Asker: 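First the structure, which I've put down as structure tokens, then a few questions once you've had a look.
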Amino acid sequence: MTKWVYTFGDGAAEGRAGDRDLLGGKGANLAEMCRLGLPVPPGFTITTEACNAYYSAARSYPEALAGQVGEALTHLEQLTGRRLGDPSRLLLVSVRSGARASMPGMMDTVLNLGLNDATVEALATESGDARFAYDSYRRFIQMYSDVVLGVDHEVFEEILEDEKANRGAELDTELTAEDWKAIIGLYKAKVEEESGAPFPQDPEQQLWGAIGAVFSSWMNARAITYRRLHDIPEDWGTAVNVQAMVFGNMGETSATGVAFTRNPSTGERALYGEFLVNAQGEDVVAGIRTPQNITEVARIDAGSDKPSLEKIMPEAFASFVAISQKLEKHYRDMQDLEFTIERGKLWMLQARSGKRTAKAALRIAVDMASEGLISQEEAVARIDPGSLDQLLHPTIDPKAKRDVIAVGLPASPGAATGEIAFSSHEAEDMRAIGKRVILVRIETSPEDIHGMHAAEGILTTRGGMTSHAAVVARGMGKPCVSGAGTLRVDYRAGTLTVMGRTFRKGDVITVDGGTGQVLNGAVPMQQPELSGDFASVMKWADGIRRMKVRTNAETPADARTARSFGAEGIGLCRTEHMFFEGERIIAMREMILSDTEAGRRAALAKLLPMQRSDFVELFEIMAGLPVTIRLLDPPLHEFLPKSDEEIDEVATVMNLSPSALRRRTEALHEFNPMLGHRGCRLAVSYPEIAEMQARAIFEAAVEAGRATGRPVVPEVMVPLVGLKKELDFIKARIDAVAADVMKEKGETIGYLTGTMIELPRAAVRAHVIAETAEFFSFGTNDLTQTTFGISRDDASVFLETYRQKGIIEQDPFVTLDKEGVGEFVRMAAQKGRATRPDIKLGICGEHGGDPASIHFCEDVGLDYVSCSPFRVPIARLAAAQAAIRKAG
Ligand code: ADP
Ligand code: MG
Ligand code: MG
């Protein structure tokens, strides 16, 4: 027979911490605390399996449940010497929900269950405190009616407010037993009116009502939404905990509180928490009265004149300190604890591992490792890599005054202050004269990349967390607030308005990408702390991981940032970005628009020295570390002049009429550029472009190698290869240039030629391509586009719909689609290695900085991941965690 109910109490329990799946987090830890001999009110837990059985049977209880609950209740009555509904030896219980993962959105707890018109009198007599008894009863009516009978709690609050006003009372505590009695009468009348039945008096009926409500709450709208947002499967189910009541509201020697064993925002090793005297349940978090500090130190720190628990209940405090230390040692993690003191006696009501900020997580992990509580490996495994993002950027000083003008979405972390610019042009111009700029747009598009580069931070009034502005800003590591919908941007008037306040170009604002706030003026900042705990965890992670971590970078600034974050080379240098600046774009346009090879070569000759100097700088910064340079990839029309002005400019240089030039640009138009004349196809049509780039790379390698004393081994990467012969054709040109340069310089250059794997055909034919390619770099952005047949730039509209309708769980452009795209990666890796056992394998798509995707890369055995500079620490940590998981 299935066991649906597990008891706990009096130093024993049928369950334990490891039974979380079955008993829920709360139930498992209540059992564990009992086993540790801690003072926990006895009770029992109905399993998550019972909840699942309830739903499989069209919302009816498993047959044996009633009997098992009955037995567990008898057991509880024996342990406490009390009985539900028995006025002479009254037992009251709480009914608490508890899933595997803590889940706000489910049923709220019902306290004081078992009270009715008769037992309330018994409680008054037994406690000698009528006020306490009626206060408990009215709380019970209110909670039970709200969560079980569906009577909105506000109707009770209204009654209470009216009654307080009638009596001239400000606080609940001013009400007498008689007042509460009268209020209870009104409450019951209201319940009957709203629910159509009198408030249930039978304790057994109350109990089953509450159990049913917990099960039902698993499928309420809030819970369903929460599960969807947090990827919690529906078949986890929730457990129900029924537990004897203890009373924190029995007068001045009673109290209730919550505490963390370490400070959850700084990680400091000190008990941190709050309590209220003469209070019950969630009064502490509800904010009805201001809670008091638990320790004297914290009280003094907070400058509070309300006495601490340490001071007013020293004995209960001492036991609590001892218990909290015991629990932390036992669970080997920072604990979040709930307790109640009933007439001086301490009771533990909940333990779970505490939520914490990224900063606290680091400090706690490092401290615990040095205290010998956990190993370095465990410390590394415990940090959420994604959370590091919060730490890598300047942030607003927590003590700073904030004049918040609007709140949008926290799209990219960090904070930045600057003068408003309304266009990318303005941003660049202001930047050029040394100003710090915040780019303010309704939304951004690819044309704004320059402006975003020039800006310190970005603010948009439209768009979500995956809007262009958000995605690009995160990639650049720039703070961004998106979708600040209360702000009005008027480009023509050059104004930003909100609630009667107007800001103009040049006015100073601050964006806080961590909270989504937009603030007036400059605000004091804190610089990121990359030493200390952060550095320790990173060092440990580096000692554990197998995969290398490189960066995607083409500007010296990005390359330097990435180095300071620990990048071990460049995995992707996109050369096209180098052709947009100043003089270069004109020479580039000249090259594209010439219709002879000689014309193109003449223009390329102008580009060569510029390109070479770019590479020299990157090679020098990377000082001997590997650098992968990708040959020109995008379709040529991206570089073409668009405005009349631009066309005139190029026409003059080329000695052509503007109209002739315009005809040529029109001829380059493509219907579907993503699948058009781009990637290696360009190099096949115009080998001289690849030759120029190869020459720039090799000459720069020689020069930088001489300057730094560390030989550069460039990796020349050919994009968008689908056919081995494409690569053969281009590699022959690269090799010829390399031979020339070596001869000219009298020096041998070590280099590798390889390809991106970003087309399904390349993955399928990887064993053949590897005959030529010395490395593969998985370009998973394009590989995702080409595998799904979805254009990333157009996907956001329907992918969000897909998510909402449950067709996909994650955006495949954020987290690698293991089953589809990943299968191509796995296959190509295997095939590549079969042909060339020492082939170098890496990933350079956005996925290279996504922890879940990094785990996949470890499974497939890639040699390195490459990601944007600000994700390098995240990738270092995630790679270590992937190695730990694979080993364990
Ligand atoms: P949540 O998951 O929202 O924290 P809980 O089930 O922990 O809900 O309970 C809500 C509040 O009621 C907490 O403050 C808890 O300590 C208190 N509480 C729960 N059960 C009891 C009990 N048996 N005696 C006294 N207080 C209780
Ligand atoms: Mg709650
Ligand atoms: Mg709780």
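Indexing begins at 1, ligand by ligand and atom by atom, following the structure's order. Everything quoted here is computed from the prediction, not taken from an experiment.
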Asker: Which ligand 1 atoms, with their elements, are less than 4.0 angstrom from a heavy-atom of Gln350?
Answerer: 4 (O), 7 (O)
Asker: Taking only heavy atoms of Leu111, which atoms of ligand 1 are found under 4.0 Å from at least one of them?
Answerer: 12 (O), 18 (N), 19 (C), 20 (N), 21 (C), 27 (C)
Asker: Which bit of Glu338 gets closer than 4.0 Å to ligand 1, counting heavy atoms only: side chain, backbone, both or neither?
Answerer: side chain
Asker: Which option out of Gly257, Gly25, Ala244, Gly43 puts a heavy atom nearest to atom 23 (N) of ligand 1?
Answerer: Ala244
Asker: Can you tell whether the side chains of Arg82 and Glu126 come within less than 4.0 Å, N to carboxylate O?
Answerer: yes
Asker: What residue among Ser308, Pro307, Ser304 forms side-chain contact (heavy atoms from CB on, under 4.5 Å) with Gln292?
Answerer: Pro307
Asker: Other residues, nucleotides and ligands only: do more than 12 of their heavy atoms fall within 6.0 Å of NZ on Lys345?
Answerer: yes
Asker: I want to check a possible cation-pi pair here: Arg227 against Trp218, using under 6.0 Å from ring centre and within 45° of the ring axis as the test.
Answerer: yes
Asker: Which ligand 1 atoms does Thr109 reach within 4.0 Å, using its non-hydrogen atoms?
Answerer: 5 (P), 6 (O), 8 (O), 9 (O), 10 (C)
Asker: So is there a nitrogen or oxygen of Arg96 less than 3.5 Å from a nitrogen or oxygen in ligand 1?
Answerer: yes
Asker: So for atom CD, which belongs to Glu809, do other residues, nucleotides or ligands contribute more than 12 heavy atoms lying within a distance under 6.0 Å?
Answerer: no
Asker: Would you compute the distance between atom CZ of Phe8 and atom NE2 of His75 and round it to the nearest 0.5 angstrom?
Answerer: 10.0 Å
Asker: So, of the N/O/S atoms that Glu338 has, which is the nearest one to the Mg ion (ligand 3)?
Answerer: OE2
Asker: Scan Arg269, Arg262, Gln335 and name whichever one has a side-chain hydrogen bond (donor to acceptor under 3.5 Å, both in side chains) with Glu328.
Answerer: Arg262
Asker: If you measure every N or O of Ser97 against every N or O of ligand 1, does any of those distances drop under 3.5 Å?
Answerer: no
Asker: Please list, in number order, the atoms of ligand 1 under 4.0 Å from a heavy atom of Val246.
Answerer: 24 (N), 25 (C)
Asker: To the nearest 0.5 Å, what is the distance between CE on Met313 and CZ on Arg343?
Answerer: 12.0 Å
Asker: So, does Gln280 sit close enough to ligand 1 that a heavy atom of it is under 4.0 Å from the ligand?
Answerer: no
Asker: Answer yes or no: does an N/O atom from Lys26 fall short of 3.5 Å to an N/O atom of ligand 1?
Answerer: yes
Asker: Regarding Thr109, does it place an N, O or S atom less than 2.8 Å from the Mg ion (ligand 3)?
Answerer: no
